[in-house]
Amino acid sequence: MKEFWKANSYNIVKCILNQVAITMFGLMIAFATMQNETMLLIGSLFSIGFYLFLTYYMFWEIGGKDRIQEDAGRRKKTPVRGLVVSLISYIPMILFAIIMLITYPYTQTTEAAGNVYAVVNVLSRGLHAMYLGLITLYSPYNPIAWILVCLPAPIVAQVGYMLGNRNFRILGLFGIKPNLKDETR
């Protein structure tokens, strides 16, 4: 367990910092586009896409570095590292979603449950600001939506890790070749 934290703590913190940065970006876009539903949707989709791209790229690099170490025999293969690291960095958001799901049925009957739900809802909206437009437009009072927004990042992280570990560039599917220096070709 100690070795796991030693090997992955930097990446977990980097995931959390990426999410905080995109949260600020998502809040700015959500506040700027709140008056128009179409712009709110477009801004939210852009924020989500940018966040998932950053997640993909980060884990693609991790997978590529791991592949080099695996080929050299300095590291054992860890095929689900992207998923595990992403899920660990997502623990607060997953817990908030579960708390909201549990307390939501009791918000009308119990004051304490309503208060807990309200506080956790505000925190979730702050931590998932990139999804704020979608949730505001399509599912503002459904706690299941908060569980669903926890799914894309770990899935994209695992896909990015697997593709990076196989040195497969997704842009190659679209015919886009990266500009590589002669030393890296």
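By convention here, the first residue in the shown sequence is residue 1.
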task = Would you sort out whether Y51 and H128 count as a ring-ring contact (aromatic ring centres under 6.0 Å, His included), showing the intermediate values?
result = CA-CA 10 Å; Y51 172 61; H128 281 117; 8.1 Å; no

task = Could you pull out all residues at least two apart from F50 that satisfy ring-ring contact (aromatic ring centres under 6.0 Å, His included)?
result = F25

request  = Answer whether the closest heavy-atom distance between the side chains of F59 and L163 falls below 4.5 Å.
outcome  = no

query = Got a second to check how far C150's SG is from Y131's OH, nearest 0.5 Å?
reply = 8.5 Å

task = Apply the side chain to side chain contact (heavy atoms under 4.5 Å, CB included) test between E111 and each candidate in T107, T109, N115; give the one that qualifies.
result = N115

query = CH2 of W146 to CD1 of I99: how many Å apart, nearest 0.5 Å?
reply = 14.0 Å

inquiry  = Are I62 and N11 packed together at the side-chain level, in the sense that at least one heavy-atom pair is separated by less than 4.5 angstrom?
reply    = yes

inquiry  = Quick one, T33 and T38 - any side-chain contact, counting heavy atoms below 4.5 Å?
reply    = no

query = Listed by chain and number, what are the side-chain contact (heavy atoms from CB on, under 4.5 Å) partners of L127, not counting sequence neighbours?
reply = Q19, M93, F96

request  = Output the distance between atom CD1 (I29) and atom CE (M39), rounded to the nearest 0.5 Å.
outcome  = 9.5 Å

message = Checking Y141 now: which residues fulfil side-chain contact (heavy atoms from CB on, under 4.5 Å) with it, not counting sequence neighbours?
response = Y104

task = Assess the side chains of N165 and R81: does a donor N or O sit below 3.5 Å from an acceptor N or O?
result = no

key: Sub-4.5 Å side-chain heavy-atom contact between N167 and R67   = no

ask   = Is the closest side-chain donor-acceptor distance between T78 and Y161 under 3.5 Å?
value = yes

